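Predicted model, so just to flag it, every value in this text is computed and none were measured. The figures that follow rest on heavy atoms only: side chains count, while hydrogens, waters and symmetry mates do not. One-based numbering, in listed order, for ligands and for the atoms of each.
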Amino acid sequence: MKFGVIGAGQMGGGIAQVAAQSGFTVVVQDVKQEFLARGQTVMEKSLTKLHEKGRLEGTPAEVMGRIQFTTSLQDMAECDLVVEAIVENEAVKADLFRQLGQIVKPGGILASNTSSIPITSLATASGRPERFIGMHFMNPVPLMQLVEVIRGHQTSDETARIVTETAQQMGKTPLPCNDFPGFVSNRILMPMLNEAIQCVMEGVAEPEAIDGIMKLGMNHPMGPLTLADFIGLDTCLAIMEVLHRGLGDDKYRPSPLLRKMVQAGQLGRKSGQGFYTY
Ligand SMILES: CC(=O)CC(=O)SCCNC(=O)CCNC(=O)[C@H](O)C(C)(C)COP(=O)(O)OP(=O)(O)OC[C@H]1O[C@@H](n2cnc3c(N)ncnc32)[C@H](O)[C@@H]1OP(=O)(O)O
Ligand SMILES: NC(=O)C1=CN([C@@H]2O[C@H](COP(=O)(O)OP(=O)(O)OC[C@H]3O[C@@H](n4cnc5c(N)ncnc54)[C@H](OP(=O)(O)O)[C@@H]3O)[C@@H](O)[C@H]2O)C=CC1
């Protein structure tokens with residue numbers, strides 16, 4: 001399996017790492033060399049952690065040796081499966097898939113790791129809707145078990161079978177759902193995180209108390225505000241806007257505080273400042 005990943009951010013890097021850990025040959029593309037270098041550093045840290053705990057097959061160097069880093073989309077031409085993990089913006093993703101539809105060999109499968117954007121619309125942009133699917137990994141990819149598999153309106157049975165089997169080969173548990181805004185994961189999770197942000201804005205409680213109540217009361221491993229910072233507040237806002245637009249119900253309105261923080265460049269862990277300082 002020659003496995004392609006577009007985007008070397010927190011998700012793309014994690015997907016590339018787990019694919020290489022599974023023995024696949026991997027090609028990772030990003031728009032700038034500095035983003036590739038950043039992604040490579042994060043992967044090496046994660047692999048070292050896993051190796052130190054005896055949870056890695058082989059050595060970090062052997063795994064990294066299976067990954068090619070490039071800024072050229074042309075290097076995706078011979079991939080059997082390409083997973084996109086770039087910014088949560090439908091126009092940017094659609095433009096990328098129009099290019100990939102021309103570059104990747106005819107039998108290659110194209111997949112999006114999108115959190116919420118309709119798979120069917122991205123499939124149309126790719127020009128190969130039968131060979132297009134949602135392959136939605138969870139953050140952090142090396143640790144989280146789920147891959148949410150979302151079929152577009154024209155995704156073929158063969159494409160769904162291949163992607164499901166690939167997720168299993170990557171040590172993940174693939175679970176199927178249909179193509180509606182936010183799928184299942186973010187249709188349920190994101191409104192909860194948005195509600196926690198609304199509690200901050202309305203002064204219901206301080207962030208530490210809100211997170212503590214949900215950790216101690218509901219046994220969540222991370223409080224909702226910590227999790228929102230971890231995901232990225234820009235990504236959280238983008239998902240809420242897809243839900244609001246796609247489902248047409250005002251209950252999915254993004255919290256005004258979330259929007260203001262993103263406008264201020266406070267994106268959470270990735271910018272060093274969100275509800276907490278990093
Ligand atoms: C937005 C979307 O579209 C979809 C989404 O992804 S929604 C978000 C889904 N993800 C979640 O909800 C994550 C919730 N959080 C958690 O499950 C946990 O906090 C966590 C697994 C992320 C971290 O686990 P933790 O015990 O709380 O913290 P932490 O101690 O940092 O990590 C646990 C272990 O994994 C290791 N670890 C953490 N991140 C790692 C990584 N990226 N790679 C390798 N090892 C890692 C740590 O070294 C630690 O090892 P030890 O237990 O041996 O010390
Ligand atoms: N964050 C999360 O917890 C999760 C996110 N997702 C989804 O995964 C996708 C990526 O999210 P995440 O990794 O957090 O995002 P990041 O912002 O961390 O990474 C996105 C990466 O893609 C790069 N990029 C942007 N545009 C292009 C392009 N046209 N071609 C190639 N690379 C590009 C970005 O560069 P630059 O820095 O210049 O923008 C960045 O390196 C999104 O669709 C998101 O919804 C899914 C599950 C969980």
Side-chain angles (χ1 to χ4, degrees), residues 4-18 21 28-40 42-56 60 63 69-73 76 82-100 111-117 119 122 134-148 150 182-190 192-193 211 214-215 218-224 226-243 267-271:
V5 178
I6 313 288
Q10 55 181 340
M11 293 308 291
I15 295 166
Q17 174 190 324
V18 173
Q21 283 177 226
V28 184
Q29 184 271 351
D30 206 312
V31 288
K32 284 185 194 161
Q33 192 54 44
E34 69 188 90
F35 299 139
L36 292 169
R38 178 187 61 190
Q40 192 166 341
V42 172
M43 286 183 219
E44 285 164 350
K45 261 171 66 180
S46 170
L47 288 167
T48 304
K49 267 187 191 175
L50 292 170
H51 188 56
E52 281 163 0
K53 283 186 242 109
R55 285 162 52 187
L56 185 70
V63 176
F69 294 89
T70 180
T71 54
S72 167
L73 281 180
M76 296 293 157
V82 177
V83 181
E84 164 273 319
I86 68 172
V87 62
E88 186 70 346
N89 176 300
E90 183 167 358
V92 176
K93 288 187 190 294
D95 180 54
L96 171 67
F97 281 117
R98 266 189 287 279
Q99 297 176 71
L100 288 174
S112 176
N113 185 58
T114 181
S115 300
S116 60
I117 292 167
I119 296 300
L122 297 177
M135 192 176 190
H136 184 205
F137 293 82
M138 300 290 130
N139 190 5
V141 180
L143 300 186
M144 303 307 284
Q145 195 57 34
L146 173 69
V147 174
E148 196 174 33
I150 308 109
F183 318 132
V184 171
S185 57
N186 284 309
R187 173 85 175 258
I188 296 171
L189 174 73
M190 219 33 85
M192 181 191 77
L193 303 191
D211 276 357
M214 295 309 287
K215 283 180 72 169
M218 315 311 158
N219 214 20
H220 289 189
M222 274 179 178
T226 303
L227 183 53
D229 274 356
F230 182 59
I231 290 167
L233 299 184
D234 50 343
T235 299
C236 292
L237 176 60
I239 296 166
M240 285 308 297
E241 286 177 335
V242 169
L243 292 176
L267 308 182
R269 199 179 279 199
K270 65 180 165 183
S271 72

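For a heavy-atom separation below 4.0 Å, the residues in contact with ligand 2 are I6, G7, G9, Q10, M11, Q29, D30, V31, F35, R38, A85, I86, E88, V92, K93, N113, T114, S115, H136, F137, N139, I231, T235, K270. Taking a heavy-atom cut-off of under 4.0 Å, ligand 1 is surrounded by S46, K49, L50, K53, S115, H136, M138, N139, P140, P142, L143, M144, N186, L189, P221, M222, L227, I231.
Side-chain contact, Q29 with T70: no donor N or O sits under 3.5 Å from an acceptor N or O.
Applying the side-chain hydrogen bond (donor to acceptor under 3.5 Å, both in side chains) criterion to E88, with sequence neighbours excluded, gives T114, S116.
Between L189 and M192, some side-chain heavy-atom pair lies under the 4.5 Å cut-off. Here the side chains of E148 and V184 are in contact, with some heavy-atom distance below 4.5 Å. The shortest distance between side-chain heavy atoms of Q17 and L47 falls below 4.5 Å. Residues I231 and M190 have side chains in contact (heavy-atom distance under 4.5 Å, counting atoms from C-beta outward). Using a 4.5 Å heavy-atom threshold, the side chains of I119 and H136 count as separate. By the 4.5 Å heavy-atom criterion applied to side chains, Q21 and L50 are counted as neighbours.
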Sequence neighbours excluded and cut-off under 3.5 Å, please list the side-chain donor-acceptor pairs for residues 233-242, or say none.
residue : atom : partner : partner atom : Å
D234    : OD1  : K270    : NZ           : 3.2
D234    : OD2  : K270    : NZ           : 3.0
E241    : OE2  : R259    : NH1          : 2.5
E241    : OE2  : R259    : NH2          : 3.3

